Amino acid sequence: MTRETSTPEGVRTLAPMRSSALIAPSILAADFAHLGDEIDRVASVVDLLHIDVMDGHFVPNISLGPPVIASVRKQTDLFLDCHCMITDPLRYVDAIREAGADGMTAHIEAVPDPIPFLDSALDVGLEPGLVINPPTPVEAVVPYLDRCSKVVVMSVHPGFGGQAFLPESIRKIAELREIIDSGGLRTDIEVDGGVDLQTAKPARDAGADILVAGTAVFGAVDPPTTVGDMRTKLESSERP
Ligand code: DX5
Ligand code: ZN
């Protein structure tokens, strides 16, 4: 993602509420045996790639790590955003950056004091962000929003793709939108989990800037067409 301004502290920032939502497919739902082809298929129609890193400790599942990120880096120039569902994100900042990632997000539940993580990620050139799980209130991340390129609202319980969107996530997105706008902040709001042709627009209307969609994109018969259909829905004035 191209950042537009730079604060004295060096946090690269974006204008509040993007004029169009960004679509970020999660490669967790791709066929890993043909990952390069899967990425190539959607590369021209999406805005960034969402890469789910799971350690089998913070979440019960294990997914992928720096070697796969490095392979993806060779495959595409898209912004690579690593969603780290791991117990010790600070420990992996350098490895994630060296693998070629552009952004790294960590869970506030894993790093109750997230400043060392956020500062460290920024220092090595990663756009940092924080993620909140469904039970976690938005207040948990509010003190750190000015240091975050993005804040991620989990709209499913982390660990697995293919779950249904939790409707209460809409309220959390709206709360963050209000806090970010009223504070004059430039933090992007991302929503992750269960985003599909039905849930994308309500999430966008509540204030989400970035929509992560795994199963809805890579599980589709024709992923590029599905991304196009999602953009059409986002731009329509119809209620879902
Ligand atoms: C869940 C992951 C999500 C997931 C999204 O732990 O963080 O990024 O891959 O996949 P879908 O769109 O299938 O919910
Ligand atoms: Zn994710």
Side-chain angles (χ1 to χ4, degrees), residues 1 21-32 35 38-39 42 46-65 68-69 72 78-87 89 92 96 101-110 126-136 141 148-170 172-173 188-204 208-221 223 226-227 229-231 233-234 240:
M1 288 183 290
L22 303 183
I23 296 181
S26 164
I27 64 167
L28 189 64
D31 178 353
F32 282 2
L35 187 52
E38 296 264 76
I39 291 168
V42 298
V46 303
D47 301 293
L48 62 154
L49 282 184
H50 183 90
I51 300 181
D52 287 308
V53 178
M54 303 180 189
D55 65 357
H57 188 258
F58 180 73
V59 287
N61 202 4
I62 298 173
S63 55
L64 54 84
V68 176
I69 298 167
V72 173
L78 281 167
F79 186 102
L80 302 183
D81 197 29
C82 290
H83 170 198
C84 292
M85 288 159 274
I86 63 179
T87 298
Y92 293 96
I96 295 280
D102 302 294
M104 179 172 178
T105 60
H107 279 253
I108 190 72
E109 301 87 0
L126 288 162
E127 294 188 7
L130 291 173
V131 191
I132 51 172
N133 277 339
T136 304
V141 287
C148 293
S149 288
K150 66 173 70 70
V151 58
V152 186
V153 174
M154 287 308 300
S155 40
V156 297
H157 294 282
F160 299 92
Q163 302 177 73
F165 186 93
L166 294 168
E168 54 268 33
S169 315
I170 294 292
K172 293 169 79 175
I173 295 167
D188 275 329
I189 301 172
E190 179 173 290
V191 58
D192 181 13
V195 175
D196 59 19
L197 293 177
Q198 279 67 50
T199 56
K201 185 158 167 55
R204 171 60 176 170
D209 300 287
I210 304 170
L211 308 171
V212 176
T215 304
V217 173
F218 287 115
V221 174
T226 298
V227 172
D229 291 346
M230 191 173 284
R231 290 198 198 279
K233 288 235 175 189
L234 289 169

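Start at 1 and go down the list; that is how both ligands and their atoms are numbered. Just so it is clear, the structure is predicted and the values come from calculations on it, not from any experiment.
- Counting only heavy atoms from C-beta outward, the side chains of Leu49 and Ile39 approach each other to under 4.5 Å.
- Side-chain atoms of Glu168 and Pro134, non-hydrogen and from C-beta on, never get closer than 4.5 Å to each other.
- Between the side chain of Lys172 and the backbone N or O of Thr136, at least one donor-acceptor pair lies under 3.5 Å.
- For the 3.5 Å distance criterion, the side chains of Asp196 and Thr199 qualify, holding a donor opposite an acceptor.
- Between Met230 and Leu197, the closest side-chain pair of non-hydrogen atoms falls below 4.5 Å.
- When each of Thr105, Leu28, Val212 is paired with His83, the side-chain contact (heavy atoms from CB on, under 4.5 Å) condition holds for Thr105 and for no other.
- Contact check for Val53 versus Leu64: side-chain heavy atoms found under the 4.5 Å cut-off.
- For the Zn ion (ligand 2), protein N/O/S neighbours under 2.8 Å (waters excluded) are His50 NE2, Asp52 OD1, His83 ND1, Asp192 OD2.
- Counting non-hydrogen atoms of other residues, nucleotides and ligands closer than 6.0 Å to CZ of Phe165 gives a total above 12.
- Atom CZ of residue Phe160 and atom CG of residue Asp52 lie 12.0 Å apart, to the nearest 0.5 angstrom.
- Residue-level contacts of ligand 1 at the 4.0 Å heavy-atom threshold are Ser26, Leu28, His50, Asp52, Met54, His83, Met85, Met154, Pro158, Gly159, Phe160, Gly161, Gly162, Asp192, Gly193, Gly194, Val212, Ala213, Gly214, Thr215.
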